[in-house]
Amino acid sequence: MPPTVRPAGRDDLLGVLRVLQRDPGLAPGSVTDRQTATWDRMMVADGLTVYVACAGAVVVGVVSLQTMPNLGYDCRPTAFLEAMVVAEPHRRRGVGRRLVARVLADAAEAGCHKVQLLTHKRHATDGAHDFYRALGFTAEAEGFRLYLP
Ligand SMILES: CC(C)(COP(=O)(O)OP(=O)(O)OC[C@H]1O[C@@H](n2cnc3c(N)ncnc32)[C@H](O)[C@@H]1OP(=O)(O)O)[C@@H](O)C(=O)NCCC(=O)NCCS
């Protein structure tokens with residue numbers, strides 16, 4: 001059965017952390033108050049949707065979509081894709097493709113003009129850049145970053 005993709009709910013925090021932290025055995029007691037408070041904020045943040053791909057009850061993939069209001073492009077919002085991870089045993093089975101397809105459909109529904117993402121240069125050789133190219137993204141922009149102390 002292919003995984004189902006849906007917006008995450010409050011109860012998905014542990015499953016999402018297990019994927020993001022690459023730790024399928026992460027214990028419920030390991031979830032910090034800070035993570036819970038952040039997740040609670042994320043669940044109500046304007047324009048932010050976290051999507052989960054689930055195999056049965058298990059979260060096997062995650063991605064976040066943020067839509068940002070924009071005065072350019074005839075006031076069409078811009079979509080940002082972040083925190084895209086599929087659990088290692090489930091890779092190369094179309095889970096990431098399904099997650100991004102849902103993001104693109106919802107971004108289009110929200111009237112977005114473009115979908116953007118940053119991916120670190122180290123991912124040039126591990127398949128992530130190939131993944132985005134396979135899904136239709138083009139590396140036409142240069143990304144800049146500044147890490148704050
Ligand atoms: C990148 C990632 C999200 C891809 O998820 P996935 O579920 O394995 O991707 P899919 O199975 O949907 O792949 C779709 C297509 O992308 C391409 N692709 C995916 N992984 C690839 C890889 N490792 N090497 C080359 N092409 C790849 C292929 O064209 C693939 O289609 P195919 O399997 O029919 O050939 C996953 O490998 C991952 O979580 N990596 C670690 C975290 C990460 O790098 N995230 C992105 C950081 S910006």
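Along the sequence shown, residues carry numbers from 1. Whatever order the structure lists ligands and atoms in, that order sets their numbers, starting from 1. Fair warning: this is a prediction, and the values are worked out from it, not measured in the lab.
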(request) Give a yes or no answer on whether the side chain of Asp126 reaches the backbone of Ala128 with a donor-acceptor pair at less than 3.5 Å. (result) yes

(request) Please confirm whether the backbone N or O of Leu135 pairs with a side-chain atom of Arg97, one donor and one acceptor, at under 3.5 Å? (result) no

(request) Enumerate the atoms of ligand 1 whose separation from the nearest heavy atom of Gly94 is less than 4.0 angstrom. (result) 10 (P), 11 (O), 12 (O)

(message) Please determine whether any non-hydrogen atom of Leu117 lies less than 4.0 Å from an atom of ligand 1.
(response) no

(request) Check each atom of ligand 1 against the heavy atoms of Val85 and keep those under 4.0 Å away; list them by number with element. (result) 39 (O)

(request) List every atom of ligand 1 that sits less than 4.0 Å from any heavy atom of Tyr132, numbering the atoms from 1 in the order shown and giving each element. (result) 46 (C), 48 (S)

(message) Treating Arg92 as the side-chain partner and His90 as the backbone partner, does any N or O pair qualify as donor plus acceptor under 3.5 Å?
(response) no

(request) For atom 13 (O) of ligand 1, grab the closest protein heavy atom and report residue, atom and distance to one decimal in Å. (result) Phe131 CD1, 3.8 Å

(message) Tell me the protein heavy atom at minimum distance from atom 29 (O) of ligand 1, and give that distance in Å.
(response) Ala134 CB, 3.3 Å

(request) Have a look at Arg92, His123, Glu82 and point out the one with the heavy atom closest to atom 35 (O) of ligand 1. (result) Arg92

(request) Look at atom 38 (C) of ligand 1 and find which of Met84, Arg91, His90 reaches it with the closest heavy atom. (result) Arg91

(message) Tell me whether the count of non-hydrogen atoms from other residues, nucleotides or ligands lying under 6.0 Å of CZ in Arg10 goes above 12.
(response) no

(message) Show me which atoms of ligand 1 lie under 4.0 Å from any heavy atom of Ala128.
(response) 44 (O)

(request) Check each atom of ligand 1 against the heavy atoms of Arg93 and keep those under 4.0 Å away; list them by number with element. (result) 11 (O)

(request) Name the closest protein heavy atom to atom 15 (C) of ligand 1, giving the residue it belongs to and the distance to 0.1 Å. (result) Arg97 NH2, 3.5 Å

(message) If we ignore hydrogens and angles and just use 3.5 Å, is the side chain of Asp23 paired with the main-chain N or O of Leu26 as donor and acceptor?
(response) yes

(request) Measure the CH2-CG distance between Trp39 and Leu17 for me, rounded to the nearest 0.5 Å. (result) 8.0 Å

(request) Would you kindly say whether His113 and Thr78 are connected by a side-chain donor-acceptor distance under 3.5 Å? (result) no

(message) Which of the numbered atoms in ligand 1 are under 4.0 angstrom from any heavy atom belonging to Asp126?
(response) 23 (N)

(request) Please tell me if the side chains of Thr138 and Arg133 come closer than 4.5 Å, counting only heavy atoms from C-beta onward. (result) no

(request) Measure from the side-chain N and O atoms of Gln21 to the backbone N and O of Arg18, and report whether any donor-acceptor pair falls under 3.5 Å. (result) no

(request) Look at atom 26 (N) of ligand 1 and say which protein heavy atom is nearest, naming residue and atom and giving the distance to 0.1 Å. (result) Asp130 CB, 3.5 Å

(request) Specify the closest pair of heavy atoms between Val60 and Pro3, including all atoms of both residues, with the distance to one decimal. (result) CG2-CB, 4.5 Å

(request) Please confirm whether the backbone N or O of Pro89 pairs with a side-chain atom of Arg93, one donor and one acceptor, at under 3.5 Å? (result) yes

(message) Please report whether ligand 1 has a polar contact with Val86, defined as an N or O pair separated by less than 3.5 Å (distance criterion only).
(response) yes

(message) Within ligand 1, which atoms have a heavy atom of Val95 less than 4.0 Å away?
(response) 7 (O), 12 (O)

(message) Below a 4.0 angstrom heavy-atom separation, can you tell me which part of Arg22, side chain or backbone, both or neither, approaches ligand 1?
(response) side chain

(message) Considering non-hydrogen atoms of the protein only, which is the closest contact for atom 7 (O) of ligand 1, and what is the distance?
(response) Gly96 N, 2.8 Å

